[in-house]
Amino acid sequence: MKLGILKEQNDSRVAIVPTLLGKFKDLGLEICIEQNAGAKASCADEEYTANATVCSRKEVLQNSDIVVCINAPSDEDLALLRPETLVISQFQSFIDDKVAPKLKGMNLRAFGMDVIPRTTLAQSMDVLSSMASIAGYKAVLDAASRLPRYLPMMITAAGSIKPAKVLILGAGVAGLQAIATARRLGATVEVFDTRAAVKEEVQSLGARFVEVAGAKDESSAGGYAVEQSEEFLQRQRAEVADRASKADIVITTAQVRGRKAPILLTQETVEKMKRGSVVVDLAASTGGNCELTQDRQVIVHNGVTIVGNSDLASEMPQDASFLYGNNLLNFMKLFVKKGELNIDLQNEIIRGAYLTA
Ligand code: NAD
C-alpha cells in the first residue's frame with residue numbers, strides 16, 4: 001500500500017519529517033513524497049530518500065492509496081486522486097458542513113485530524129493540542145520581540161525596571177502554554193477563562209486567575225467552552241478593560257468551537273491601553289477576540305500593535321511538523337496493519353474522525 005506525502009501550498013510545515021519515516025514504513029507502507037515538501041521545515045529531499053521516493057505532486061496524487069497533508073488539498077488536487085483513496089488532513093469540517101458530502105461525492109475516503117475526539121485515549125493523536133501549544137509559546141515570543149520593554153524585572157546601575165504585565169484571555173492549551181512562557185520570561189501574568197476547571201492549572205503556573213461571576217460552564221461540552229450570554233460578555237469586557245489598560249501584552253486565545261470567537265477586547269479598551277503595548281490575537285481566523293483584529297495582519301492603533309495570527313504553529317515548522325507527524329503516526333497505527341487498511345467504525349476514535357461513512 002502506497003502512502004503519499006504532499007507539499008503544503010501556503011504553509012511551512014510538512015506532515016511527516018524524515019526521522020519518522022521508518023516508523024511509517026514499519027506499518028507496511030511504501031512511501032513517496034512530493035519534491036521539496038519538507039524544505040521550509042528544514043528537511044531536505046535527500047533526508048527522505050533512505051525510506052521514500054521523491055516525486056512530482058501529480059505522481060503523489062495519482063499513485064497513492066493514502067495521501068497525507070496538513071491543510072486540505074484543493075478540489076483540483078482531489079480530482080486527480082483515484083477512487084477510494086484515503087485522504088488524511090485537517091478539513092475544518094466542524095466549520096464547513098459541505099466538506100464531507102463533497103469528499104463522499106468524489107468517491108474518496110477521508111479522516112479529519114482536527115475532529116479526532118479529544119479523549120484521554122486519543123491524546124497522542126491530538127493535533128489541535130500540539131499546534132495550540134506551539135502557538136501559545138510563539139505568541140509570547142512574538143509579543144516580547146515587538147514590545148519596547150523588558151519582560152523580566154531588571155535592577156541595574158542605571159535604574160530599576162518593573163516586570164511587564166501580561167494578560168491572557170482564554171486558558172485552553174494555547175493559553176496555558178502562553179502563561180508558562182511569559183512566566184519563564186519573568187512577566188507577571190493575569191488570566192481570564194470561563195471554565196472554572198482551569199483555575200488551579202493557571203495558579204499552579206504562577207499566574208493570577210481573574211473570575212467573572214455567572215459564566216456558563218457545561219461539563220457536557222467535552223472540555224470545551226460554551227457560548228456565553230451577552231450580559232455575561234458585557235461584564236467580562238468591563239473587567240478585561242480595566243486589566244488591559246494596565247497590561248503591556250495581551251494574548252487572546254478565547255474560542256468557542258465551531259462558532260465565531262467572542263469579542264473581549266473592544267476598540268474602546270484598546271484606546272485605553274498604553275502606547276507600545278502589544279496584542280496577539282490567536283483567535284483571528286474565527287473573527288478575533290479583539291474588535292480591531294485583522295486576520296493575518298499586523299496593525300497599529302493609537303500606538304498599540306495588534307497582531308492577528310492564528311497560524312503561529314507554522315512559524316515554528318520543524319517542531320510543528322515533528323509533532324504533527326507523531327500525532328499522525330499514532331492515529332494511523334489504529335487502522336493500518338501490515339500494509340492493510342482496516343477502518344473499524346466500532347472504534348470511537350476512528351468513527352469520530354471518519355468523514356465519509
Ligand atoms: P479552545 O481553543 O476551543 O478555547 C480556548 C480557551 O478559550 C478555552 O479554555 C475556553 O474555555 C476559553 N474561552 C472561551 N470563551 C471564553 C470567554 N468568553 N472568556 C474567556 N475564555 C474563554 O480550547 P482548547 O485549548 O482547544 O481546549 C480546551 C480544553 O479542552 C482544554 O483545556 C482541555 O480541558 C480540553 N482538552 C482535552 C483533551 C483531552 O482530554 N485529550 C485534549 C485537548 C483539550
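Model, not experiment: these values are computed from the prediction. Counting starts at 1 for both ligands and their atoms, in listed order. We're numbering straight along the sequence, starting at 1.
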For atom 31 (C) of ligand 1, tell me which residue out of Arg195, Arg118, Arg259 has the closest non-hydrogen atom.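 Nearest heavy atom to atom 31 (C) of ligand 1 lies in Arg195.
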Options Arg257, Gln236, Gln255, ranked by nearest heavy atom to atom 4 (O) of ligand 1, top entry: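 Shortest heavy-atom distance from atom 4 (O) of ligand 1: Gln255.
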Among residues at least two apart in sequence or on other chains, which ones pass side chain to side chain contact (heavy atoms under 4.5 Å, CB included) with Arg296?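 With neighbours one apart ignored, the set is Asp311.
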Could you work out, with side chain to side chain contact (heavy atoms under 4.5 Å, CB included) as the rule, every residue matching Lys104, not counting sequence neighbours?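 Lys104 satisfies side chain to side chain contact (heavy atoms under 4.5 Å, CB included) with Thr356 only.
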Report yes if some heavy atom in the side chain of Ile349 is under 4.5 Å from a heavy atom in the side chain of Phe331; otherwise report no.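 Answer yes - side chains close enough.
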Would you indicate whether the side-chain heavy atoms of Val307 and Asp142 approach each other to under 4.5 Å?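 Yes; the side chains approach each other to less than 4.5 Å.
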Hey, is [X] touching ligand 1 through its side chain, its backbone, both or neither, going by heavy atoms under 4.0 Å?
X	result
Val198	neither
Leu233	side chain
Ala132	neither
Leu264	side chain
Ala254	both

Side chain of Arg235, backbone of Ala213: donor and acceptor closer than 3.5 Å?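 Looks like yes, one N/O pair under 3.5 Å.
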Under 3.5 Å donor-acceptor, Arg183 side chain and Gly206 backbone: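 Side chain of Arg183 to backbone of Gly206: a pair is present.
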On a heavy-atom basis, which atom in Leu128 and which in Gln90 lie closest, and how many Å separate them?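 Reported closest heavy-atom pair: CD2-OE1, 4.3 Å.
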Indicate the atoms forming the closest heavy-atom contact of Gly325 with Leu20, along with that distance.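 Closest approach of Gly325 to Leu20, heavy atoms only: C-CD1, 3.5 Å.
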Element-labelled atoms of ligand 1 that are located less than 4.0 Å from some non-hydrogen atom of [X]:
X	result
Thr253	4 (O), 5 (C), 6 (C), 7 (O)
Ala171	9 (O)
Asp126	42 (C), 43 (C)
Val173	25 (O)

Under 4.0 angstrom from ligand 1, any heavy atom of Leu128?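 Per 4.0 Å heavy-atom rule, Leu128 does not contact ligand 1.
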State if Gly175 counts as touching ligand 1 under the rule of any non-hydrogen atom under 4.0 Å.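 Outside the 4.0 Å threshold, so no.
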May I ask you to check if ligand 1 and Ser129 share an N or O to N or O distance below 3.5 Å?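 For ligand 1, there is no N or O atom that lies under 3.5 Å from one belonging to Ser129.
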What about Phe232: any of its N or O atoms under 3.5 Å from an N or O on ligand 1?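 There is no such contact.
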Sole candidate of Leu292, Thr253, Thr252 that passes side-chain contact (heavy atoms from CB on, under 4.5 Å) when paired with Asp281: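 Filter result, single survivor: Thr252.
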Ring centroids only, cut at 6.0 angstrom: are Phe335 and Phe111 within range, meaning strictly under it?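 For Phe335 and Phe111, the ring centres are under 6.0 Å apart.
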